[in-house]
Protein chains: 2
Amino acid sequence: MEKFVQIKEKLSNAGLKATHPRMVVFNELMNSKDHPSAEHIHDRIKTDYPSISLGSVYRILDVLVDVKLVQRVSVRSGYKRYDANMEPHGHIYCLKTDAIQDFYDSELYDLINDFFRKKKLKNFKVKEIKLQVVGEKVDPEVDVTII
Amino acid sequence: MEKFVQIKEKLSNAGLKATHPRMVVFNELMNSKDHPSAEHIHDRIKTDYPSISLGSVYRILDVLVDVKLVQRVSVRSGYKRYDANMEPHGHIYCLKTDAIQDFYDSELYDLINDFFRKKKLKNFKVKEIKLQVVGEKVDPEVDVTII
DNA sequence: GTACGTGCAAATTGTTTGCACTATC
DNA sequence: GATAGTGCAAACAATTTGCACGTAC
């Protein structure tokens, strides 16, 4: 699996065995920008790797989340969705299509971080600040863009 | 059910029949500040109203969300949680205890709203902006406070 | 009285787990 | 070769649904 060299390294660095199923799942998630669920990922990879089981996909996603190579995105939908992008960013969630799109804006992130640097939360250790913009795409086929 | 007069009115105004189960569920949620799940609510009200079924609690919460008397809060947990507070506010989520606490700060909300007034999202109609502060309580027994 | 809501139980959906086997280190 | 990971199927948990009965308007 020559094409998985970087992925292999990431897994090893995280202290995980670089197994074939893990590389395939992680690779698929890194190449997806639509924040798929475990079932989505399973569907997509089983063409190339038919023997992979859904249970393993669930287990693999759990360990990837544990070692912080991947994060979960929580939205209204009744299932968990995943994101291999670990840079600080927000999510745009479309109620109509259930689509989740990444949203970057360092200016806004600075604003929010500055805020939490001034106002402190007592009795709480902040790990992460999640920002979700909920609404509806006008044209469901097209991505949202920022002007 | 004299104590439910205001609730009765809210339901009627929303175009819903003011049934006993609906009033009991809505009342319970309004008196909870811990963002309970359907099962939590069912457990809490069945002392006073033993005949109520869990299925009905689910259905009632769904219609209350539909008419915007109640909102869903999405966090990591594997179940849906509800909030009868419809004022704009954020949520503090504790990874250790699974507790959700409301978080008000008009200054921060102004900041974020100003931001989205300037930078527009193309092809997207924003309905709501959700802010979630994820982390861990130091003392799990005590609420988080803002300084 | 009628249309909508409810209780109950069964069905569905998403996720987790136990166990025998396999592959990585 | 030891240990941790996988496939498979069964178990579980949260939520939804069909249907006969009940209740608000």
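Reckoned from all heavy atoms, side chains included, excluding hydrogens, waters and symmetry mates. Letters A, B, ... mirror the listed sequences (proteins, then strands); counts begin at 1.
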Exercise for review: Take Asp102(A) and Lys33(A) through the salt bridge (Lys or Arg N to Asp or Glu O under 4.0 Å) test and state the conclusion after the steps.
Suggested key: CA-CA 8 Å; Asp102(A) 282 342; Lys33(A) 58 185 192 65; over 6 Å; no
Practice item. Look at Arg59(B) together with Asp62(B) and state whether they make a salt bridge at an N to O cut-off of under 4.0 Å. Key: no
Point to revise | Phosphate-side-chain proximity, Ser53(A) and dG7(D), N/O vs OP1/OP2 below 4.0 Å | key: yes
Review point. Base, sugar-phosphate, or nothing: which does Ser37(B) touch, judged by heavy atoms less than 4.0 Å apart?
Key: nothing
Exercise for review: Measure the distance from NE2 on His42(B) to P on dA14(D) and round it to the nearest whole Å.
Suggested key: 14 Å
Point to revise | Salt-bridge present (Lys122(B), Asp139(A); N to O < 4.0 Å) | key: no
**Study point:** Residues in ring-ring contact (aromatic ring centres under 6.0 Å, His included) contact with Tyr109(A), at least two apart in sequence or another chain
**Key:** none
Review point. NA contact type, Thr19(B), heavy-atom cut-off 4.0 Å: base, sugar-phosphate, or nothing?
Key: sugar-phosphate
Practice item. Look at the side-chain N and O atoms of Tyr79(B) and state whether any lies under 4.0 Å from the OP1 or OP2 oxygen of dC12(D). Key: no
Exercise for review: Give Arg22(A) one of three labels, base, sugar-phosphate or nothing, depending on what nucleic acid heavy atoms sit under 4.0 Å from its own.
Suggested key: sugar-phosphate
**Study point:** Rounded distance in Å - CG (Leu11(A)) to P (dA4(D))
**Key:** 17 Å
Practice item. May I have the distance from Leu61(B) (atom CG) to dT15(D) (atom P), rounded to whole angstrom? Key: 10 Å
Check your understanding: Hey, does the side-chain of Lys17(B) have a donor or acceptor N/O within less than 3.5 Å of a partner on the base of dT23(D)?
Key -> no
Check your understanding: Rounded to whole angstroms, how far apart are CD on Glu39(B) and P on dC12(D)?
Key -> 16 Å
**Study point:** In one Ile/Leu/Val/Met/Phe/Trp/Tyr side-chain cluster, 4.5 Å: Ile129(A), Leu108(B)
**Key:** yes
Revision key, fill the gap. Which of dT16(D), dG7(D), dA24(D) is nearest the side chain of Asp62(B)? It is dT16(D)
Review point. Under the ring-ring contact (aromatic ring centres under 6.0 Å, His included) test, which residues partner Phe116(A), sequence neighbours left out?
Key: Phe103(B)
**Study point:** Joint hydrophobic cluster, Tyr58(B) plus Leu16(B), side-chain heavy atoms closer than 4.5 Å
**Key:** no
Point to revise | Distance below 4.0 Å between Tyr58(B) side-chain N/O and dT15(D) OP1 or OP2 | key: yes
Review point. Leu64(A) CG to dG5(D) C1': how many Å, rounded?
Key: 13 Å
Review point. If you look at every strand shown and take non-hydrogen atoms under 4.0 Å, does Tyr49(B) touch a base, only sugar-phosphate, or nothing?
Key: sugar-phosphate
Check your understanding: Using the C1' atoms of the five pairs at each end, what is the angle between the end axes of the helix from dG1(C)-dC25(D) to dC25(C)-dG1(D), to 10°?
Key -> 40°
Revision key, fill the gap. DNA chain C: first to last nucleotide in contact with chain B (atom under 4.0 angstrom from a heavy atom), 5' to 3', is dA3(C) to dC8(C)
Review point. How close or far is atom P of dT16(D) from atom CD1 of Ile60(B), stated in whole angstroms?
Key: 14 Å
Practice item. With sequence neighbours excluded, tell me which residues meet ring-ring contact (aromatic ring centres under 6.0 Å, His included) with Tyr49(B). Key: His20(B)
Point to revise | d(CG, Leu54(A); C1', dA11(D)) in whole Å | key: 15 Å
Study note, to complete from the structure: Whole-Å distance, Arg72(B) CZ to dT16(D) C1', equals 12 Å
Exercise for review: Look at the side-chain N and O atoms of Lys46(A) and state whether any lies under 4.0 Å from the OP1 or OP2 oxygen of dG7(D).
Suggested key: no
**Study point:** Sugar-phosphate, base or nothing in reach of Ala38(A), heavy atoms under 4.0 Å
**Key:** nothing
Point to revise | Backbone of Val65(B) reached by a side-chain donor or acceptor of Arg72(B) within 3.5 Å | key: no
Study note, to complete from the structure: Contacts of Ser12(B) and Ser56(B) projected onto DNA chain D by closest heavy atom; the upstream (5') one is Ser56(B)
Exercise for review: Tell me, please, which residues at least two apart from His40(A) pass ring-ring contact (aromatic ring centres under 6.0 Å, His included).
Suggested key: none
